[in-house]
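Structure record follows, encoded as structure tokens.
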There are 2 protein chains.
Amino acid sequence: MRQNKFKKLEIMPAYRLVADAIEKQIMTGQIKPEDPIGTEADLVEQFGVNRSTVREGIRLLEQSGMLRRGEKRRLYVSLPGYDKLATRISRSLVLHKVTFRELVETLEILEPTTIALAAKHITEEQLERLRINVAATEKELEDRDRLSQLDTEFHSIIAEAAHNSVFLLAREPAGLLIYPATQYIFEAVPEAPSRLLEAHKTMLQALEERDEEKARVWMDKHVRDFVKGLVRSGAELDGQIAQPHLAHLLSLDTYL
Amino acid sequence: MRQNKFKKLEIMPAYRLVADAIEKQIMTGQIKPEDPIGTEADLVEQFGVNRSTVREGIRLLEQSGMLRRGEKRRLYVSLPGYDKLATRISRSLVLHKVTFRELVETLEILEPTTIALAAKHITEEQLERLRINVAATEKELEDRDRLSQLDTEFHSIIAEAAHNSVFLLAREPAGLLIYPATQYIFEAVPEAPSRLLEAHKTMLQALEERDEEKARVWMDKHVRDFVKGLVRSGAELDGQIAQPHLAHLLSLDTYL
DNA sequence: ATAATCTTATTGTCGGACAATAGGACCTTT
DNA sequence: AAAGGTCCTATTGTCCGACAATAAGATTAT
């Protein structure tokens with residue numbers, strides 16, 4: 001038997017070490033969000049490596065949202081926003097070829113619970129945003145594209161109203177991936193828009209009344225309705241998400 | 001009123017354009033996982049920019065796991081693994097100062113549902129891994145550190161057994177953040193290890209019997225037990241996660 | 001055939017260079 | 001004095017060229 005006297009050496013490129021060093025300080029709270037990091041020249045001096053190397057390290061952290069370029073293009077520590085994270089997760093799910101079935105199964109579970117939490121915690125400001133959203137939905141019943149945007153937003157606001165960021169982040173990627181499909185349901189099911197509006201109205205009302213149970217029941221119905229529509233629109237539950245459904249995720253590329 | 005005749009110009013550094021161009025091809029399936037990307041020199045030629053610029057672009061994608069260095073150090077398209085994603089999400093949650101309350105609230109909801117799904121879909125191979133896990137737990141009841149690792153693993157296997165990658169990814173970050181706290185519960189609550197073992201044993205049994213309801217009920221109990229222990233161990237439910245609880249997340253830095 | 005050596009391609013790192021730009025300081029105009 | 005223009009400086013984004021380290025492949029020696 002071979003003797004294992006030595007640990008495997010950790011041999012990492014310098015740009016990684018740079019990134020890890022900065023990340024560690026951020027994670028341990030030694031540098032806090034909105035704190036400025038020095039200029040590239042400063043980092044060169046501190047780490048004792050070339051500027052190119054520093055830059056490569058910075059890119060790593062820039063991507064994950066821990067660093068951003070702020071005023072005067074200087075580097076600041078920053079919190080990765082939930083929207084950006086959710087987008088990134090969604091993309092990964094797509095690459096992993098997630099099926100409609102997995103998505104709807106997840107939402108059938110999460111959405112009713114989400115709205116139940118929301119009924120307990122929603123603020124007046126969030127109620128107002130929902131009212132605006134519903135009003136817009138009513139006005140633009142004909143514009144399918146806009147309507148599916150509003151649908152996605154409606155559910156996002158509710159998730160936000162649950163006031164639980166862990167839960168929010170657990171739900172959001174599935175929401176981002178599935179609700180755009182609403183658009184295709186509208187094409188196949190003429191009565192879908194009005195049913196959607198009715199459901200949204202009722203859920204809003206339930207939230208205004210803080211009626212947890214009513215909210216949950218209607219959301220449950222709403223989601224199952226959605227799934228039925230999805231099937232009627234020709235989606236294969238065990239198939240992957242079709243390209244057209246993802247257009248928004250791809251074009252969001254630009255600024256995240 | 002100001003006329004909005006012009007769209008905001010998209011002015012982006014070249015290294016971003018490089019990254020976006022590659023990412024787009026990956027997302028649209030024009031390049032698939034495990035496909036080799038050319039060498040840096042190739043990319044320099046194709047994009048018509050300098051190698052430094054290409055490298056910075058590559059770093060962005062390397063971080064999000066869409067590119068990796070494979071054999072012969074060449075660049076390959078790759079799927080961001082769930083474990084890596086979950087780690088990254090967990091870190092973001094920490095930076096956003098999630099509270100214990102948000103974590104346990106989420107798990108109280110997700111875990112029972114997870115095991116119910118698992119009861120339906122678990123494979124023999126996964127059952128076997130759970131048996132090994134439980135056996136190890138029984139043997140090492142004294143070693144708190146090891147025990148909390150095994151606990152985290154136990155719940156992860158169950159999540160995997162639900163056979164829903166969306167759900168898996170929704171649950172994992174919360175699991176990563178909360179179960180390490182088990183260790184501190186053991187210090188405060190002497191009878192905790194044996195109670196944990198009993199619960200795990202019973203849940204395993206329920207899974208073997210495909211008894212969805214029994215599994216759910218026990219998991220529910222198990223999680224609430226966990227929360228009680230957490231409180232007894234002195235954790236402030238409305239406080240953030242303490243540094244020591246995060247050690248594992250930080251040291252994982254190295255190779256993800 | 002196996003081991004040792006050489007070759008080559010590629011990455012990681014370095015140093016230096018320069019244009020573009022943002023911000024500040026300073027000046028001009030009304 | 002406020003608004004606009006000009007100059008100055010620091011910093012970033014990009015380019016160029018170079019080289020050591022390394023891994024894979026080819027070649028030679030044992």
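Within every chain, numbering begins at 1; the chains are lettered A, B, ... in the order of the sequence lines, protein sequences first and strands thereafter.
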For [X] and [N], what is the distance between atoms [atom1] and [atom2] respectively, to the nearest whole Å?
{"X": "A:Leu17", "N": "C:dG12", "atom1": "CG", "atom2": "C1'", "answer": "12 Å"}
{"X": "B:Arg68", "N": "C:dT11", "atom1": "CZ", "atom2": "C1'", "answer": "16 Å"}
{"X": "B:Tyr76", "N": "C:dT11", "atom1": "OH", "atom2": "P", "answer": "11 Å"}
{"X": "A:Asp42", "N": "D:dT12", "atom1": "CG", "atom2": "P", "answer": "8 Å"}
{"X": "B:Tyr15", "N": "D:dT12", "atom1": "OH", "atom2": "P", "answer": "11 Å"}
{"X": "A:Met12", "N": "C:dT13", "atom1": "CE", "atom2": "P", "answer": "11 Å"}
{"X": "B:Ile58", "N": "C:dT11", "atom1": "CD1", "atom2": "P", "answer": "8 Å"}

Hey, does the side chain of A:Asp42 reach the backbone of A:Thr39 with a donor-acceptor pair shorter than 3.5 angstrom? yes
Within the 3.5 Å criterion, strictly below it, is a donor on A:Gln149 or A:Arg146 matched to an acceptor on the partner's side chain? yes
Short side-chain N/O contact to C:dT10 OP1/OP2 from B:Arg69, under 4.0 Å: no
Kindly check if the number of other-residue, nucleotide or ligand heavy atoms within 6.0 Å of CD (B:Glu45) is above 12? no
If you check every side-chain atom of A:Glu40, which of C:dT13, C:dT11, D:dG13 has the closest atom?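 Ranking C:dT13, C:dT11, D:dG13 by closest atom to the A:Glu40 side chain puts D:dG13 first.
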Test side-chain contact (heavy atoms from CB on, under 4.5 Å) applied to B:Leu130 and B:Gln126, step by step: CA-CA 6 Å; B:Leu130 281 180; B:Gln126 285 158 337; 5.9 Å; no
Show me the pairs that pass ring pair (Phe, Tyr, Trp, His ring centres under 6.0 Å) and involve residues 52-102 of chain B, at least two apart or across chains.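 Pairs touching residues 52-102 of chain B that pass the test: A:Tyr82-B:His96, A:His96-B:Tyr82, B:Phe100-B:His245.
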Look at the rings of A:His200 and A:His155 and say which category their plane angle falls in: under 30° parallel, 30 to 60° tilted, over 60° perpendicular.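 A:His200 and A:His155: perpendicular rings.
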Sorted by number, the residues of residues 45-57 of chain B with heavy-atom contact under 4.0 Å to DNA chain C: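 Output list: B:Arg51, B:Arg55.
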